[in-house]
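To find a chain, count down the sequence lines: A is the first, B the second, and so on, and within it residues start at 1. Here the structure is a predicted model, which is why all the values come from computation and not from measurement.
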Amino acid sequence: MIFVPLAGAIVGGLLLRPISVRRAGVLATLVAAASFVATVVLWAGLSPGSAVTFSVPWFPVGGRMVEWGFRFDALTAVMCLVVTGIGSVIHLFSIGYMSEDRTPARYFAYLNLFLFAMLVLVTADNLAVLFVGWEGVGLCSYLLIGYWYQDPVKAAAGMKAFLVNRIGDAGFLIGMFLCVGIFGTLRFEEIARLLGQADAFSLGDLPKLNLAALFLFAGAVGKSAQIPLFVWLPDAMAGPTPVSALIHAATMVTAGIYLVVRMSPLFQVAADASQVVAVIGGATALFAALIATSQRDIKKVLAYSTVSQLGLIFLALGCRAYLAGIFHVVTHAFFKALLFLGAGSVIHAMHGEQDILKMGGLRRALPHTFLTFTVGWLAICGIPPLSGFFSKDLILFGVLSNGGWGLWLTGTLASVLTAFYMTRLYVLVFLGQSRSPGVHPHESPPVMSAPLWCLAIGSAVVGFLELPHFLHLPAVFGGYLHALIPEAPMPDGPLGEVGAMLVATVLAVCSIALAFVVFSRASGTVPGWARPVVGVLEGKFFVDELYHRVIVEPFGWICARCARVIDPRIVDAGLMLPARLCRAGGTVLSLVQWGAVQFYLLVFVLGALAVLWAVMGRMVTL
Amino acid sequence: MGAIGTGALYWTHYIAISLIALGLIGFLIRRNAVVVLMCLELMLQGVNLLFLEASVRTGTPDGILMVVLIITVGAAEAAVGLGIILNLFRLKGTVELDAFRSLQG
Amino acid sequence: MSSILFWLVAVPVLGSLICIPLSDRYARWAALATGVVGVVLAGLLYAAFDPAQADRFQLAVEFPWIPAFGIRFALGVDALNFPLVLLSKLVLPVALLASWGEQRHARAFMICYLALDAAMVGCLLATDIFLFYVLWEAMLIPMLLLIGVWGSKERVYAAVKFFLFTFAGSVLMLAAVLWVFVEHHAQIGAYTGDIAALGSVVLSTTPVLYGLSPMDLVFLGFTLAFAVKVPLFPLHTWLPDAHVQAPTGGSILLAAVLLKLGTYGLLRFSIPYAPLAFLKFQGALSVLSVIGIVYGAWVALAQTDMKRLIAYSSVSHLGFVVLGICALNTDGLTGAVLQMVNHGLSTGALFLLVGILYERRHSRELADLGGLAEFMPKYAVFLVFIACSSMAVPGLNGFVGEFLVLRGVFQASPLFGVVAVTGVVFGALYLLVMLRAVLFGPTASSENRALSDLSLRDWAALVPLCIFIVWLGIAPGALLSRLGGSLDGYWRKAVPSLSIGADVPLREGGRS
């Protein structure tokens, strides 16, 4: 199986810790590449509609046995290829990026561990094993985000990620319990089969099914950073940039999407839940895009961009356009990873500077980075013929066909904003004149540039896997996944699809042009009329502050009250009450002991007289 | 049994009662441990007198038996008591009862 | 082989006797050897246990004691005490290794541990109710000594508090025991101390005292004793003090085994002897355990002393166990039994790690620590690993137990299920806070820089625990298969008035 070599790699990586320095990087990359090769081999051997499976019993629930079950089918193949392929590329990039790190063995061990957990997640054949991978990637992201733990801010960011994820996981657990209760099993295959039987469920079961779907989606909200649990992702930029690329662009955050797609038979039936998914996705897409327009940190822009793109995907999933969603996952993995690695290259070149307002004119100093970043930029804006164009249009068309105008407008608006802020980023970083005269940036070594080019080629080419329907050309991607993913019904008329495409593309181009105009002449300061708006946007709508005020602080107060007041003074005091009473009673009673011998003599005599009286009294009456 | 409490009071009874009363009062009032012990002995003597009188009046030896017993035990008890008082004196340098308050509280 | 139970109890006793004439140095090794022999015996027990007969006592050992009253020295193992016996035998060498560094009266120290082990295992294996009671009380004395003599600053207060709390409960239990014993004679005509036989006593349910029937009173007598031990909110306040003041090995044994005796008692006595009373009080118990889960986590969050934090985490975790029992279904019960073992392993390991730190730094205050991941990297790995196990990260032991408990609770009452699930989040919260305070961030004092990493002894103590943590996480079947179907049948047998079968899902999979 795929993950066995990976499991070996983790152990190897962990044991290597005291030994090597740079070799760790090479070993880790080779391992990742090996898993990629294994994936390809398995994929090649896979005939459509079939799967390779493997399972061992794990523990019993509800009378049935949950197993360590693994499954390699078409969907898994796609995800694995993305994960291992892009993962290997990022491993390679890390060798260059982390060249000055003191504990590379630890870093690469964590990276490999992450890869392992992600692969477990996507090869799971039931919800429980998926959850193993799910929490596994959560753990690894905690370790990797907080990698530079000497800085308390970074350590706190890692903790935040894990915790917010955990909140989602609580929902996931409840969803799992509901599934056991409804279906009696956690295996995807069986759930799909049960849902497929026409007479299996009645109308009365619908609320339960909706609830199950909603709770599972709650887990996805946490993992894939949707409203209201997205707050961890921007903070997660505290980690090394390759980590951001791998975890937060290409793989971990897509786990939530993968979950929803795997459970698509459930979401197909649970219409209300799907509606919620779509609404949250759309809202997140818009919200995050707005925030991204005013961020100064290059990584934060990309972070909010990721949140926004994920929102877009959920929007599609909520509108039953699962194929579009997965397709965008693949294309997004390519160009977002590219963008992040490019940002990493920039940061590396600028010796750690991440504020875009201090950059500029880097196109001359970093040619490779500039060119590849251009590809990524165009892809994310949805410009043909790059991959982003195809996938985004597929999504928007799916939303239009199944979700209605409101959702389509939301998605389109988010896309327009995407083009806007990405262009802003592009202009401010690469074009114009340098705003930091003292800094002399240098291009990255080939170790870092080669991955960039790989991803750039991928971003450009991958789009052709799924051509728009109206061309009636073979849709490779969709055909491949056809058996697994229900396809959203799409009206056949060419006008609808072409029209949507044209509208989206034209708007994107306009947006790009606008951004060029605005930011090419930018002096780094915001004009007065825009300042309040920009202030709010730059402050991320103050969501973090809100959470802190409303949730974190009161909760801390409650805990402190419990610990300092309730427990010691109320509970403990209550239980110590008998002890105190005894002691008090003893103190009172001891007052009888005067210590004076004469008093004792008196008592002695009186006692004797009393006895005598009693005895005499009885004798007299007798 | 019926004869209890119905007998006449002879002059020996008065003496005996006086002895007991005096002994009791002294027992309770005096502060010197030796004097308290002596008062205790006084009470014993009063009791002895009562027993003797009863024995003489009824002509049975029971009373004299009791007296012998009381004298013996009294002697032993006085010896022990004086021994204790001696040790107390060694401890505190006095035999005033007020000085021995360590059992207080 | 059939007398293995006897040896399980006798070996520690013999070990302690051997230690008496030895010097401090040799006493440690003798005690450790005894512990290892105990582990070997536990392994043999594991092999000898017959899953098919897991619902009754097997491998029984019996000696007459007070024949006139049918009281015997009788040991037997069944599904309920089997996991706990294995756990306590396994944890003993760990606790001994943790206490290796104690310099004052080391010989007596070791003897206390061995005596404690003998009493605990004997109590678990007892099939005679008076033997159980005697050993229950007997456990208190070594523990009292361990805390009171070799503990920290406030040790006397903590030891006395521990003793009095537990003793008060035990006295109530004695009353209940005697009642059942006398009732048995009244109803059946013979005196016996056999636990299984006493189960056939029918206690009356007519109210006699403040609306409580004899069955209620017996139930309360037993349960209050066990509730103190578990500890169930609000009787938990002895635990933080006891744990904080106890020496490391004492804490380990306390957390790993002693606390489980409370839940074991619930399953062995309270429920089978007074099932209707249990049903009556089940709601209250559930509420208390849920409060324990959540409140325990909240209070843990606000602690500044590492050991106190872990102590409150025990309150939280055992709340899950009791809640699983109160769920009245197979999943909850299986999860509860699993969690008893899991908690022993994880929390035992946590206390071990705290002890390792305390040895070096002589402080448990979080404020004195910080940034240790840089100076003690191997320690950091273990701490994170064990914290994950405690947090119920899937793949490690805690997950399966918690999943089963939560699933059982959810099935019984979605409301309780949802509240209990929040316990999962809070659990992660305080552990992460602890990790951050100890391992990450800037270091609080320069002393921390010079701390040495794990020694060979530390490795020897930690690794066995970690092996089991991983093993039980990946293959809990190793333990569960031994229990056979006895847990399924437990509710049917103990509470026959409740018609509970295996869970039936909304739709059976595979309808023809």
Exercise. Of all the residues in residues 126-138 of chain A, which have a heavy atom that comes within less than 4.5 Å of a heavy atom in chain C?
Worked result: A/F131, A/V132, A/E135
Seminar exercise, completed: Residue from A/A563, A/G158, A/P578, A/A155 scoring the most non-hydrogen pairs under 4.5 Å with chain C is A/A563
Exercise. Can you name the side chain to side chain donor-acceptor pair (under 3.5 Å) partners of C/S413, sequence neighbours left out?
Worked result: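 If we apply the side chain to side chain donor-acceptor pair (under 3.5 Å) test to C/S413, skipping adjacent residues, there are no hits.
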In terms of heavy-atom proximity below 4.5 Å to chain A, should [X] be classed as side chain, backbone, both, or neither?
{"X": "C/L396", "value": "neither"}
{"X": "C/L432", "value": "both"}
{"X": "C/L404", "value": "side chain"}

Problem set entry | Check: C/S390 side chain, C/A387 main-chain N or O, donor-acceptor pair, under 3.5 Å |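 No, because the side chain of C/S390 does not come within donor-acceptor range (under 3.5 Å) of the backbone of C/A387.
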Closest-packed option against chain A by number of heavy-atom pairs under 4.5 Å, given [options]:
{"options": "C/G395, C/G477, C/A428", "value": "C/A428"}
{"options": "C/F403, C/F399, C/F233", "value": "C/F403"}
{"options": "C/P414, C/G335, C/P234", "value": "C/P234"}
{"options": "C/V393, C/L429, C/L439", "value": "C/L429"}
{"options": "C/Q303, C/K161, C/R308", "value": "C/K161"}

Exercise. For the ring pair C/Y312 and C/Y430, is the centre-to-centre distance below 6.0 Å?
Worked result: no
For this session: Please confirm whether A/Y142 and A/W232 have ring centers closer than 6.0 angstrom.
Result: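 Not under 6.0 Å, so no.
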For this session: Taking all heavy atoms of C/P231 and all of C/H236, pick out the closest pair and write down the distance.
Result: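 Taking every non-hydrogen atom into account, CB-CA, 3.6 Å.
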Exercise. Using the ring of each side chain (for Trp, its six-membered ring), is C/F410 parallel, tilted or perpendicular to A/F177, with breaks at 30° and 60°?
Worked result: tilted
Exercise. Taking the inter-plane angle between the rings of C/F440 and A/Y149 on a 0 to 90° scale, is it parallel (under 30°), tilted (30 to 60°) or perpendicular (over 60°)?
Worked result: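 It falls in the tilted class, 30° to 60°.
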Problem set entry | side chain to side chain contact (heavy atoms under 4.5 Å, CB included) against A/A157, all qualifying residues, sequence neighbours excluded |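 Applying side chain to side chain contact (heavy atoms under 4.5 Å, CB included) to A/A157 gives A/I145, A/D235, A/A238.
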Exercise. Which residues pass the side chain to side chain contact (heavy atoms under 4.5 Å, CB included) test with C/V160, sequence neighbours left out?
Worked result: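 In terms of side chain to side chain contact (heavy atoms under 4.5 Å, CB included), with neighbours along the sequence ignored, C/V160 is linked to C/V156, C/L164.
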Problem set entry | Side-chain touch C/V424/A/D169, heavy atoms, less than 4.5 angstrom |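 They are not in contact (no side-chain heavy atoms under 4.5 Å apart), so the answer is no.
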